[in-house]
Chemist: 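Quick one: this structure, given as C-alpha cells, is what I'll be asking you about.
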There are 2 protein chains.
Amino acid sequence: MEDATGGALRADARRNRERLLVAAHAVFSERGADASLNDVAKRAEVGIGTLYRHFESREALLAATCDEQLLTLAKQSRERSEALPPLEALRVFLAELVHSAGMYKGLAASLGIVLKNHTKGCDATTAEGQRLLETAQRAGEVRGDILLDDVVCMAMAISLAAAEDGADPKRVPRLTGMFFDGLRSRPEPRGARHR
Amino acid sequence: MEDATGGALRADARRNRERLLVAAHAVFSERGADASLNDVAKRAEVGIGTLYRHFESREALLAATCDEQLLTLAKQSRERSEALPPLEALRVFLAELVHSAGMYKGLAASLGIVLKNHTKGCDATTAEGQRLLETAQRAGEVRGDILLDDVVCMAMAISLAAAEDGADPKRVPRLTGMFFDGLRSRPEPRGARHR
DNA sequence: TGCGAAACGGAGGATAGCTCCGTATTTAAC
DNA sequence: GTTAAATACGGAGCTATCCTCCGTTTCGCA
C-alpha cells in the first residue's frame with residue numbers, strides 16, 4: 001500500500017510523491033497500465049528507488065493514481081442519485097465504472113485488485129455502489145441475489161472486452177445494456193430456466 | 001502462427017512439437033497462461049529455441065494448446081444442438097465457452113486473441129457459435145443486435161471475473177445467467193407481459 | 001550552525017523473453 | 001552404405017524490466 005496521504009511527510013517527499021502521481025497518470029494513459037515503472041520514475045525526474053519507497057508495487061501506484069477519480073465518481077453519484085430513480089442511478093454508476101476501468105489500457109484486469117485497496121476513493125466508491133445496489137434491490141427493481149462484487153467484476157470485464165484492439169466502438173454500450181437488463185428483476189418469465 | 005499440423009515436418013520436429021504441446025498443457029494448467037516459456041521447454045526436454053521455432057509467440061502456443069479442446073467443443077455443440085431449442089443450445093454453448101476460458105488461469109485475458117487465430121479448432125468454434133446465434137436470433141429468442149464477438153467477450157470476461165482469488169464459486173453461474181437473460185429478446189419492458 | 005532523521009538516487013543482482021548461429025540429425029539421392 | 005543438402009536442435013547470451021540495497025544528500029529542528 002502507499003504512504004498515507006495526510007501523513008507527516010517531509011516537504012521533498014511530499015513533492016516527489018505528487019510528481020510521481022502526475023507522471024504515473026501520464027505514462028499509464030499513454031502506454032497502458034503495464035508500462036515500465038522506470039519510465040514513470042524518469043518522467044517524474046525521480047530515482048526508481050524513490051518510486052518504490054512511495055509505492056511498494058505497481059498495484060499500489062495504480063490504486064493511488066485512480067484514487068482521486070474514484071472519489072469524484074462516488075461523490076458525483078451520490079449527488080446525482082438523489083434526483084434519480086434507483087434503477088437509473090445504478091445504471092449510470094455502472095456506466096461510469098466501466099468508463100473508469102478503461103482509463104488506462106489494461107487497467108481493467110487489475111481493477112478488482114485496485115478496488116480492494118482501502119484508499120479513500122476505493123472505499124467511497126464501493127460504499128456508494130453498495131448503497132445504490134441495495135436501494136434498487138429494496139425497490140424490487142434488481143435481482144436480490146446480485147452482489148456488488150458481481151457488478152464490479154462485470155464492469156471491469158466489459159471494459160476489458162472493449163479494450164481489445166479493433167473492437168467495435170458500439171460494443172461497450174451494447175454489453176453494458178445487456179448486462180443491465182440481466183440485472184433487473186424479471187417479471188417471472190415462465191419457462192425461463194433459472195440460472 | 002504455428003506450423004501447420006499436417007505439414008511435411010521431419011520426424012524429430014514432429015515429435016518435439018508433440019512434446020511441447022503436452023508440456024505446455026501441463027505447465028499452463030499448473031501455473032497459468034503466463035507461465036514461463038522456459039519452463040515449458042524444460043518440461044518438454046527441448047531447447048527454448050525449438051519452442052520458438054514451432055510457436056512464434058505465447059499466443060500461438062496457447063492457441064495450439066487449446067485447439068483440440070475447441071474442436072471438441074464445436075463438435076459436441078453441433079451434435080447436441082440438433083435436439084435442443086435454439087436458445088437452450090446457445091446457453092450451453094456459452095457455458096462451455098466460459099468453462100474453456102477458465103482452463104488455464106489467465107487464459108481468459110487472451111482468449112479473444114486465441115479465437116482469432118485461424119486454427120481448426122478456433123474456426124470450428126466460431127463457426128458453430130455463429131450458427132447458434134443466428135438460429136436463436138431468427139427464432140426471435142435473442143436480440144438482433146448481438147454479435148458473436150460480444151458473446152465471446154462476455155464469456156471471456158465472466159471467466160476472468162471468476163478467476164479472481166477468493167471469488168465466490170457461485171459467481172460464474174450467477175453472472176452467466178444474468179448475461180444470458182440480457183441476451184434474450186425482451187418481451188416489452190417490465191411488467192408488460194410475460195412469456 | 002550543527003546534527004540526526006528522513007529521503008534520495010541509481011548501480012546492479014535477479015529473472016524472463018527471445019535471437020542467433022554453430023552443431024547435430026534426418027532424408028534422399030546415388 | 002555413403003554422402004551431401006536440408007532441416008532441426010540447443011542453449012549461450014543479449015536485452016529489458018523489476019526491485020533491492022546502501023552510500024549520499026537534503027531537510028528541519030534546536
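Proteins come first, then strands; the chains are lettered A, B, ... in the order of their sequence lines, and each starts at number 1. Computed over heavy atoms, backbone and side chain alike; hydrogens, waters and symmetry mates excluded.
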Chemist: Side-chain N or O of A/His54 less than 4.0 angstrom from OP1 or OP2 on C/dA7?
Modeler: no
Chemist: Give every pair of a protein N or O atom and an N or O atom of nucleotides 16-22 of chain D that lie under 3.5 Å apart, one pair per line with the distance.
Modeler:
| unit_1 | atom_1 | unit_2 | atom_2 | d |
| --- | --- | --- | --- | --- |
| D/dC18 | OP1 | A/Arg58 | NH2 | 2.5 |
| D/dC18 | OP2 | A/Ser36 | OG | 3.3 |
| D/dC18 | OP2 | A/Leu37 | N | 3.3 |
| D/dC19 | OP2 | A/Tyr52 | OH | 2.8 |

Chemist: Taking the side chain as every heavy atom from C-beta outward, state whether A/Leu37 and A/Phe55 have any atom pair closer than 4.5 Å.
Modeler: no
Chemist: Could you tell me the separation between the CG atom of B/Leu51 and the C1' atom of C/dT19, rounded to a whole number of Å?
Modeler: 13 Å
Chemist: Measure the distance from CG on B/Leu61 to P on C/dC18 and round it to the nearest whole Å.
Modeler: 11 Å
Chemist: With clusters defined by side-chain heavy atoms of hydrophobic residues (ILVMFWY) lying less than 4.5 Å apart, directly or transitively, does A/Leu71 cluster with A/Met103?
Modeler: no
Chemist: Would you call A/Arg15-A/Glu18 a salt bridge at under 4.0 Å N-O?
Modeler: no
Chemist: Between B/Lys170 and A/Asp145, does at least one N-O distance fall below 4.0 Å, as a salt bridge requires?
Modeler: no
Chemist: Measure from CZ on A/Arg19 to P on C/dA7 and round the result to the nearest Å.
Modeler: 17 Å
Chemist: Return the minimal non-hydrogen interatomic distance between B/Ala41 and B/Leu20, and the atom names on each side.
Modeler: CA-CD2, 4.4 Å
Chemist: Taking all heavy atoms of B/Thr65 and all of B/Leu61, pick out the closest pair and write down the distance.
Modeler: OG1-O, 2.6 Å
Chemist: Starting from P on C/dC8, measure out to CD on A/Glu18 and report it in whole angstrom.
Modeler: 13 Å
Chemist: Where is the tightest heavy-atom contact between A/His54 and A/Ala13, given as atom of each residue plus distance?
Modeler: CE1-O, 3.4 Å
Chemist: Expressed as a whole number of angstroms, how long is the span from A/Arg17:CZ to C/dA6:P?
Modeler: 18 Å
Chemist: Whether A/Asn16 contacts C/dA7 is assessed here as follows: a side-chain N or O lying under 4.0 Å from the phosphate OP1 or OP2. Is that the case?
Modeler: no
Chemist: Could you run down nucleotides 25-30 of chain D 5' to 3' and tag each one B, S or - for protein heavy-atom contact under 4.0 Å?
Modeler: -BSS--
Chemist: Set out, in order, the CA-CA distance, both residues' side-chain angles and the distance that settles side-chain hydrogen bond (donor to acceptor under 3.5 Å, both in side chains) for B/Thr119 and B/Asp67, then state yes or no.
Modeler: CA-CA 7 Å; B/Thr119 55; B/Asp67 200 46; 2.7 Å; yes
